[in-house]
Asker: 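Quick one: the structure is below, questions incoming.
Residue numbering restarts at 1 for every chain, and letters A, B, ... go by the order of the sequence lines.
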Number of protein chains: 2
Amino acid sequence: MQSPRNYIEENKQGFINELIDLLKIPSVSADPHYKKEVLLTAEEVQKRLQEAGCDTVEICETPGYPIVYGEKIIDKNLPTVLVYGHYDVQPPDPIDLWNSPPFEPVIQKTELHPEGAIFARGACDDKGQMYMHVKAMEFMTKNNVLPCNVKFMIEGEEEVGSESLEWFLSRNQEKLSNDVILISDTGMISKDAPSITTGLRGLSYIEVEVTGPNRDLHSGLYGGAVANPINILTQMIAQLTDENNHITIPGFYDQVEDLSQEERSRMAEAPFNLENYKKSIGISNIHGEATYTTNERNSIRPTLDVNGIWGGYTGEGAKTVIPSKAYAKISMRLVPNQDWKEITQLFKKHFESLAPDSVKVEVKPHHGGQAYVTPIDGIEYQAADKAFQETFGKSAIPQRSGGSIPIVSMFEKNLGSKTILMGFGLDTDAIHSPNEHFGIWNYLKGIETIPYFYKHFTDLFQKNK
Amino acid sequence: MQSPRNYIEENKQGFINELIDLLKIPSVSADPHYKKEVLLTAEEVQKRLQEAGCDTVEICETPGYPIVYGEKIIDKNLPTVLVYGHYDVQPPDPIDLWNSPPFEPVIQKTELHPEGAIFARGACDDKGQMYMHVKAMEFMTKNNVLPCNVKFMIEGEEEVGSESLEWFLSRNQEKLSNDVILISDTGMISKDAPSITTGLRGLSYIEVEVTGPNRDLHSGLYGGAVANPINILTQMIAQLTDENNHITIPGFYDQVEDLSQEERSRMAEAPFNLENYKKSIGISNIHGEATYTTNERNSIRPTLDVNGIWGGYTGEGAKTVIPSKAYAKISMRLVPNQDWKEITQLFKKHFESLAPDSVKVEVKPHHGGQAYVTPIDGIEYQAADKAFQETFGKSAIPQRSGGSIPIVSMFEKNLGSKTILMGFGLDTDAIHSPNEHFGIWNYLKGIETIPYFYKHFTDLFQKNK
């Protein structure tokens, strides 16, 4: 196959401008106020897939936001690659911490990105990484080097739990049939250390509400005599972990696999510099589960984080009030074998048991997904590894990620196919944070590498027939 | 002295309308957005005091909001009553829990107020109770029954800690010299149980900020390995009280007086129905410091309440984030002998000591005030008691309030005079809460009772010369 390099060199300015246009649309799926923009983004993606050479592209309605489906079938005897991505983005807040408006993309040079990086919400997660596949498709069709069939499935609810995706999968198994699912929604260790994510953590996301008195009360007249829902909520959350930062929910660890010392030693070989890690996020010390390393804590161990908390008076100045209600959003990252629905029930039962009879507590499960591990001896892993060797000159490092892409296990269940995760973002890209960005070098490198995956996967697939 | 009854009967509609006009101005001192309205309210109060018969009324500038000062000096040999009140109000939020807009007063009948009550922010605290004194003044001047000199000092920062008041007092001791300070900013036990507040709790109001990473992080990629400031904040707050709801701050109780069993028994005689108490605020059970009764918990015991907490994602839907910062507003109610500045320092030292080295913590003292006890053998107490006997036909019950009016001890320190607290509101008036209201019966009863205080205080004062 001819190298994509020249084609990318000739078209890179267009590739960058097209992505920037896509990033200008605030497709925040978590906030209903952006509904119009989310739908508009789906139409944009449809247009881009058509221009990239798909034969048919449709916007498929679901109970939630639509899924954009496109395909190009060149030969029923050839394998089919199904590309998954998402066109929705995380909410941008806290807005005031952005150096430039989150939906007015700007290109800035940084220490890690001397070629410049695009700063905008969704630049990396996942509009940027998703659009690499659209441009790789364009290269292959325009130059007649597409070696197999391709299907695209780009959804709009990934940041809110992909709630309509399983509904869609179960109703379109024929249409979505494939030999491998290709996703770029993860990261790589560094620009000269390509990596393939082989493990993902599961997720259980929950919202809790503690109710004390039926109205806000004057803390002077009632203070000390009535349960304050904020004080109670803090006490309940504090009891969810012990002094070793173990999670105290009964049964929580029952299904967690204990890795062998040998596996842990192999993990420890991955390049990691604690001082740089602390420096990059400005902390004076790390914090986590006793007897585990930082890399273990954020990959092979389950966790519990409060993602949001609110209650009482949070405005300027002072208000001496005992609020009627206090709230928190709490999520748990899960590891292989932990069933997210079972863990959600264990949390609910335990959290409710922590409430004194002076308050009412409501636990609302929000969404979740199972953890997943990719076998590194499969042809999809080998094809991805070869693709990295072609463009980076070195083999990829398999790594477990702390993040969750619940849909990966959902795919295996509904479509019976394996997923390969080729990530081109960096940990420092600040996804889900203010000033999210995506290096132009990474963006173009992804477009260059992806076509090789198609080539090697098709070759290996046919050899293994 | 002729009874104020007829005058009130003839003018009550005007009295009600004038108060309603005053309540329409949103004088929220805690929120800078209302600055114009706060200043406008001061001008309104000045106008009303002039109309009520004050000889001179001025708006006195301070480093913060102005203080409205008015006086009528009829004879240097007669005693002087200084009336204190405030024209600012609490923030109205949560707005959506109000049945009618907080600054569009409406009159509604309730079970406790068959004559109707005025619903609006500030209806009772303190515009309504402050305005009773303006109308009582009007009665006395219009009917030439004012028995002594009168001074009014109406401030605009009570709900944010009266920060400019001490500045003003220390600079105007001559001008403010008086023989007693009269305040209506407290409540009465019930419509047929007049009461005089003889004890007030002190206050220390603090804001805390916990900082983890220097930016919001993805909870999947960093969860478990980095201190989450919300989790840490909840653990720190939970440690401020023990399983008996005792406050754990070292030295916190050192100055707290233990009341004798006899005093506690006398307190226990005050009418109190636990079932009605729970019903009135919709709780299934009370909650507080072990070995103390509800009435003791909210009057003679110090407390610690979180008045507000916030951090992370609090919008609709889900965001899997580890926030950079988490915040809380925490206030402590103090009892006689606890020095609020010393307690604030004890809190700061202890709270900082609870922080692990994986986060930074900042403790910002906000404001505070000392607790206070009124002697019931003083002529000011006796005069108030006689006044209640004239209009209620029964003696007043002395009671300790859980609330704080820090300025009471400030007055004694700066002006050397005692304060008498004649309250006409009810616990159910929902001050500081949505749907604050003030009974029209209570409002008019206050206007009727106040002139008798002037009469009896002047008599007792001269007898004691």
Asker: What part of A:A430 is in contact with chain B, defined as an atom under 4.5 angstrom from a non-hydrogen atom: side chain, backbone, both or neither?
Answerer: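 Both the backbone and the side chain of A:A430 come within 4.5 Å of chain B.
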Asker: Chain A: which of B:R333, B:H366, B:M236, B:E296 shares the most heavy-atom pairs with it under 4.5 Å?
Answerer: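 Going by pairs under 4.5 Å, I would pick B:R333.
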Asker: With a 4.5 angstrom heavy-atom cut-off, which part of A:P91 approaches chain B: side chain, backbone, both or neither?
Answerer: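 Both parts, backbone and side chain.
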Asker: Which answer fits B:D427, side chain, backbone, both or neither, if we ask what part of it has an atom under 4.5 Å from a heavy atom of chain A?
Answerer: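 Both backbone and side chain.
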Asker: Under a 4.5 Å heavy-atom cut-off, does chain B meet the side chain of A:K278, its backbone, both or neither?
Answerer: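 Neither part; nothing is under 4.5 Å.
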Asker: Look at A:D216, A:V359, A:I309 and state which one has the largest set of heavy-atom pairs under 4.5 Å with chain B.
Answerer: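 With the most close heavy-atom pairs to chain B, the winner is A:I309.
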Asker: Look up atom OG in A:S433 and atom CG in B:N214, then write down how far apart they are to the nearest 0.5 Å.
Answerer: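 Here the rounded value is 9.5 Å.
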Asker: At their closest point, which heavy atom of B:P213 faces which heavy atom of A:I283, and how far apart are they?
Answerer: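 Between these two residues, the closest heavy atoms are CA-CG2, 3.7 Å.
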Asker: At a 4.5 Å cut-off on heavy atoms, which part of A:T241 comes close to chain B: side chain, backbone, both, or neither?
Answerer: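 A:T241 touches chain B through side-chain heavy atoms alone.
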Asker: What pairs meet the ring pair (Phe, Tyr, Trp, His ring centres under 6.0 Å) rule with one or both residues in residues 303-332 of chain B, with sequence neighbours excluded?
Answerer: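 As it turns out, the ring pair (Phe, Tyr, Trp, His ring centres under 6.0 Å) pairs with a partner in residues 303-332 of chain B, which skip direct neighbours, are B:W310-B:Y327.
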Asker: If you count heavy-atom pairs within less than 4.5 Å of chain B, which of A:G224, A:G282, A:A238, A:A30 leads?
Answerer: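 That would be A:G224.
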Asker: Shorter than 4.5 Å, heavy atoms on both sides: which option in B:S324, B:G308, B:G312 has the most such pairs with chain A?
Answerer: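 Looking at each option in turn, the highest pair count goes to B:G308.
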Asker: A:T234 versus chain B, heavy atoms under 4.5 Å apart: side chain, backbone, both or neither?
Answerer: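 Both the backbone and the side chain of A:T234 come within 4.5 Å of chain B.
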Asker: What part of B:P302 gets closer than 4.5 Å to chain A, counting heavy atoms only: side chain, backbone, both or neither?
Answerer: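 Neither; nothing under 4.5 Å.
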Asker: Any side-chain hydrogen bond (donor to acceptor under 3.5 Å, both in side chains) involving residues 88-97 of chain B? Give me the pairs, sequence neighbours left out, ordered by first then second residue.
Answerer: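 Those involving residues 88-97 of chain B are B:S29-B:D88, B:H86-B:D88, B:Q90-B:E159.
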Asker: Does atom NZ (A:K35) have a neighbourhood of more than 12 heavy atoms from anything else shown, all under 6.0 Å?
Answerer: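 12 or below, so no.
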Asker: Of all of A:L200, A:L233, A:T320, which one pairs up most often with chain B through heavy atoms under 4.5 Å apart?
Answerer: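 Max contact count across the listed options: A:T320.
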Asker: Measure A:I232 against the heavy atoms of chain B and call it side chain, backbone, both or neither at under 4.5 Å.
Answerer: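 Only the side chain of A:I232 comes within 4.5 Å of chain B.
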Asker: Could you measure the distance from the CZ atom of A:R297 to the OH atom of B:Y222? Nearest 0.5 Å is fine.
Answerer: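 Going from the CZ atom of A:R297 to the OH atom of B:Y222 covers 15.5 Å.
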Asker: Check whether B:S284 reaches the backbone of A:D357 with its side chain - one donor and one acceptor, N or O, closer than 3.5 Å.
Answerer: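 Between the backbone of A:D357 and the side chain of B:S284 there is a qualifying donor-acceptor contact (under 3.5 Å).
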Asker: Can you say whether A:N295 sits under 4.5 Å from chain B via the side chain, the backbone, both, or neither, judging by heavy atoms?
Answerer: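 Nothing of A:N295, per the 4.5 Å heavy-atom cut-off to chain B.
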Asker: Given that the side chain runs from C-beta out, which part of A:L203 has a heavy atom under 4.5 Å from chain B: side chain, backbone, both or neither?
Answerer: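 The side chain, not the backbone.
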Asker: Select one option (side chain, backbone, both, neither) describing which atoms of A:R301 are under 4.5 Å from chain B's heavy atoms.
Answerer: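 Neither part; nothing is under 4.5 Å.
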Asker: Select one option (side chain, backbone, both, neither) describing which atoms of A:T314 are under 4.5 Å from chain B's heavy atoms.
Answerer: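 It is both, since atoms from each part get that close.
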Asker: How long is the gap from CG on B:N307 to CD1 on A:I230, to the nearest 0.5 Å?
Answerer: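 Taking CG in B:N307 and CD1 in A:I230, the distance rounds to 7.0 Å.
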Asker: Relative to chain B, which of A:N298, A:V226, A:V306 shows the most heavy atom pairs under 4.5 Å?
Answerer: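 Heavy-atom pair counts peak at A:V306.
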Asker: Taking atom CD1 of B:I322 and atom OG1 of A:T303, what is their separation to the nearest 0.5 Å?
Answerer: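 B:I322 atom CD1 to A:T303 atom OG1 measures 7.5 Å (nearest 0.5 Å).
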Asker: Hey, which of A:D31, A:L217, A:T293 has the most heavy atom pairs under 4.5 Å with chain B?
Answerer: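 Among the listed options, the one with the most contacts to chain B is A:L217.
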Asker: Which of the residues B:V160, B:L221, B:L240 is involved in the greatest number of heavy-atom pairs with chain A at under 4.5 angstrom?
Answerer: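 So the answer, after comparing B:V160, B:L221, B:L240, is B:L221.
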Asker: Any idea which heavy atoms bring A:R201 and B:G220 closest together, and the distance?
Answerer: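 Closest approach of A:R201 to B:G220: NH2-O, 2.7 Å.
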Asker: Can you tell me which portion of B:T294 sits under 4.5 Å from chain A's heavy atoms? Options are side chain, backbone, both or neither.
Answerer: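 Interface part for B:T294: both.
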Asker: Can you tell me which portion of A:K329 sits under 4.5 Å from chain B's heavy atoms? Options are side chain, backbone, both or neither.
Answerer: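 For A:K329, the contact with chain B is made by the side chain alone.
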Asker: Heavy-atom distance under 4.5 Å to chain B: side chain of A:Y277, backbone, both or neither?
Answerer: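 For A:Y277, side-chain heavy atoms alone lie under 4.5 Å from chain B.
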Asker: Quick one: closest heavy-atom pair of A:I431 and B:H218, and the distance?
Answerer: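 Answer, listing the atom of A:I431 first, then B:H218: CD1-CD2, 3.7 Å.
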Asker: Where do B:H287 and A:S358 come nearest, in terms of heavy atoms and distance?
Answerer: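 Residues B:H287 and A:S358, closest heavy atoms: ND1-OG, 2.9 Å.
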Asker: Say you draw a straight line from CZ of A:R215 to CD of B:E436; how long is it, rounded to the nearest 0.5 Å?
Answerer: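 These two atoms lie 11.0 Å from each other.
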Asker: Out of A:S299, A:A318, A:P434, A:A328, return the one with the most heavy atom pairs under 4.5 angstrom to chain B.
Answerer: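 Max contact count across the listed options: A:A318.
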Asker: Has B:K279 got more than 12 heavy atoms of other residues, nucleotides or ligands less than 6.0 Å from its NZ?
Answerer: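 Not more than 12 within 6.0 Å, no.
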